[in-house]
Amino acid sequence: MCQSNTLQGPDLHTGKWLQFPQLALRRRLGQLSCMSRPALKLRSWPLTILYYLLPFGALKPLTRVGWRPVSRVALYKSVPTRLLSRAWGRLNQVELPTWLRKPVYSLYIWTFGVNMKEAAVEDLHHYRNLSEFFRRKLKPQARPVCCVHSVISPSDGKILNFGQVKNCEVEQVKGVTYSLESFLGPRVSTEELHFSQAPPGNSFQQQLVTKEGNELYHCVIYLAPGDYHCFHSPTDWRVSHRRHFPGSLMSVNPGVARWIKELFCHNERVVLTGDWKHGFFSLTAVGATNVGSIRIYFDQDLHTNSPSYSKGSYNDFSFISNNNKEGIPMRKGEHLGEFNLGSTIVLIFEAPKDFKFHLKAGQKIRFGEALGSL
């Protein structure tokens, strides 16, 4: 006997009621498809936020009728991190009442595991605002500088990655890379860096290596909010040039670094380039959310996290002049600059092939400890 699949009675009404939401959604999505892209994004974002926040895939049925959520990366990139960072910077400058300082700073110390016994001033009432507390100095004996090894850690932090640069790509975290040229920008003139001209046609990586038999190395150090926020010279070298890239201020937390490809190339950063006894040397301070302020002590003309900037632009400044042919000499361990909160330091430098790192990925390191040597 033949069975009919036609809905009858109550089932028919139930089927119609189930179809109405889907028909309405299809109609609405058809209207959205006719909208301009900015208007479409504006209408899609509330649904996207709910899509990722609501439990148990509550809005997944929407994807069956043609709607697609904005990707998590695109959603995160749309957050006005520069504006938020400037607001945070203003808040940091607000002087706290004396009675409020100890509870506020104690909460921060407890949250991020700050060791105040290392601070030059342990009395919490001494710090008038959050900015002064973040930029606290250490006791002189708290960070002895290693004299044996040629390159030391410029800051406290966590080693995210290190090793030889290969194929003009650098790893920001394990398995996630970024372009060396995008990160550093076009090569600085050889006159400023005291380098011989590289043969034309060489890769960007090969152009940075100035001596035969040398290789290019890198090391990425992440500064957590509870770390000492100042950074120092990692070796004896001469700083010839500064390049400032205005950009985003996304978090540089290792979890986010695994998530967003070329994160360090998107973020605001200050690239210091020069030379040491083995050739090319650079130190880059990478900004992050709430770390719009990057300060270089000898560079009074540097102003970071400005309200407006052109995407992909950069500003160059040379420390070489008619009156100064050598640039800025830096001694190993000398004070170099500071962040207002946690961030990242990236070292990229030339060294002989027998250079060895004394590190493990993921290890904690303190300013003054050895990174590597010959």
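Here, residue 1 is the first one in the sequence, and each next residue gets the next number.
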Test applied, ring-ring contact (aromatic ring centres under 6.0 Å, His included); reference residue, F231; option that passes from F367, Y297, F339: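 Testing F231 for a ring-ring contact (aromatic ring centres under 6.0 Å, His included) against F367, Y297, F339 leaves exactly one candidate, F339.
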
Is the side chain of [X] donor-acceptor paired with the backbone N or O of [Y] at a distance under 3.5 Å, no angle test?
{"X": "Q205", "Y": "C168", "result": "yes"}
{"X": "Q93", "Y": "R90", "result": "no"}
{"X": "Y108", "Y": "P225", "result": "yes"}
{"X": "N161", "Y": "V220", "result": "no"}
{"X": "T235", "Y": "W237", "result": "no"}
{"X": "Y228", "Y": "R135", "result": "no"}

When you group the ILVMFWY residues by side-chain heavy-atom contacts below 4.5 Å and let the links chain together, are [Y] and [X] in the same group?
{"X": "V121", "Y": "L100", "value": "yes"}
{"X": "L138", "Y": "F112", "value": "no"}
{"X": "W276", "Y": "V145", "value": "no"}
{"X": "W99", "Y": "L96", "value": "yes"}

Kindly give the heavy-atom pair with the smallest separation between [X] and [Y], and that separation in Å.
{"X": "G287", "Y": "I294", "value": "N-CD1, 3.7 Å"}
{"X": "F162", "Y": "K360", "value": "CE2-C, 3.8 Å"}
{"X": "A119", "Y": "Y127", "value": "CB-OH, 4.1 Å"}
{"X": "H149", "Y": "A370", "value": "CD2-CB, 3.2 Å"}
{"X": "S153", "Y": "R366", "value": "CB-O, 3.6 Å"}
{"X": "S150", "Y": "S373", "value": "OG-CA, 3.5 Å"}

Ionic contact status for [Y] with [X], cut-off 4.0 Å:
{"X": "R238", "Y": "E326", "result": "yes"}
{"X": "K137", "Y": "E132", "result": "no"}
{"X": "K139", "Y": "E122", "result": "yes"}

Do [X] and [Y] touch side chain to side chain, with heavy atoms closer than 4.5 Å?
{"X": "I345", "Y": "L223", "answer": "yes"}
{"X": "L302", "Y": "R295", "answer": "no"}
{"X": "L124", "Y": "R101", "answer": "no"}
{"X": "H232", "Y": "H335", "answer": "yes"}
{"X": "T210", "Y": "E350", "answer": "yes"}
{"X": "E118", "Y": "R143", "answer": "yes"}
{"X": "D299", "Y": "L272", "answer": "no"}
{"X": "K158", "Y": "D227", "answer": "no"}

Rounded distance (nearest 0.5 Å) linking atom [atom1] of [X] with atom [atom2] of [Y]:
{"X": "K364", "Y": "I221", "atom1": "NZ", "atom2": "CD1", "value": "11.0 Å"}
{"X": "S233", "Y": "I152", "atom1": "OG", "atom2": "CD1", "value": "7.0 Å"}
{"X": "S313", "Y": "H244", "atom1": "OG", "atom2": "NE2", "value": "8.5 Å"}
{"X": "I109", "Y": "L107", "atom1": "CD1", "atom2": "CG", "value": "9.5 Å"}
{"X": "H358", "Y": "C146", "atom1": "NE2", "atom2": "SG", "value": "8.5 Å"}
{"X": "L347", "Y": "C219", "atom1": "CG", "atom2": "SG", "value": "6.0 Å"}

Test: R136 cationic atom under 6.0 Å from F133 six-membered ring centre, within 45° of axis: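 Yes, R136 and F133 form such a contact.
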
R243 charged N/C atom sitting above Y314 aromatic ring, 6.0 Å / 45°: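 The answer is yes, since R243 meets both limits relative to Y314.
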
Within 6.0 angstrom of N167 CG, more than 12 heavy atoms from elsewhere: no

More than 12 heavy atoms from other groups under 6.0 Å of NZ on K356: no

Intermediate values then yes/no, side-chain contact (heavy atoms from CB on, under 4.5 Å), I348 and L184: CA-CA 9 Å; I348 298 175; L184 295 178; 4.2 Å; yes

Verdict with reasoning, V346 to F264, per side-chain contact (heavy atoms from CB on, under 4.5 Å): CA-CA 9 Å; V346 180; F264 295 164; 4.2 Å; yes

Donor-acceptor pair between S248 and E268 side chains, under 3.5 angstrom: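 On atom types as modelled, these side chains do not qualify, holding no pair under 3.5 Å.
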
Working for salt bridge (Lys or Arg N to Asp or Glu O under 4.0 Å), residues R128 and E95: CA-CA 5 Å; R128 294 172 298 175; E95 185 168 343; 5.3 Å; no

Stepwise salt bridge (Lys or Arg N to Asp or Glu O under 4.0 Å) test for E215 and K166: CA-CA 10 Å; E215 297 287 348; K166 297 181 180 179; over 6 Å; no

Stepwise salt bridge (Lys or Arg N to Asp or Glu O under 4.0 Å) check, E181 with R187: CA-CA 8 Å; E181 186 169 7; R187 187 169 182 245; over 6 Å; no

Ring center gap for F245 and F183 short of 6.0 angstrom: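 Aromatic pair excluded; centres sit 6.0 Å or further apart.
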
Centroid separation F355 to Y217 less than 6.0 Å: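 Yes, ring centres under 6.0 Å apart.
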
Reference residue V151; test side chain to side chain contact (heavy atoms under 4.5 Å, CB included); the match among D236, L374, L371: L371

Intermediate values then yes/no, side-chain contact (heavy atoms from CB on, under 4.5 Å), F204 and L208: CA-CA 7 Å; F204 183 80; L208 295 180; 3.7 Å; yes

Steps toward side-chain contact (heavy atoms from CB on, under 4.5 Å) verdict (D275, F280): CA-CA 5 Å; D275 60 289; F280 173 81; over 6 Å; no

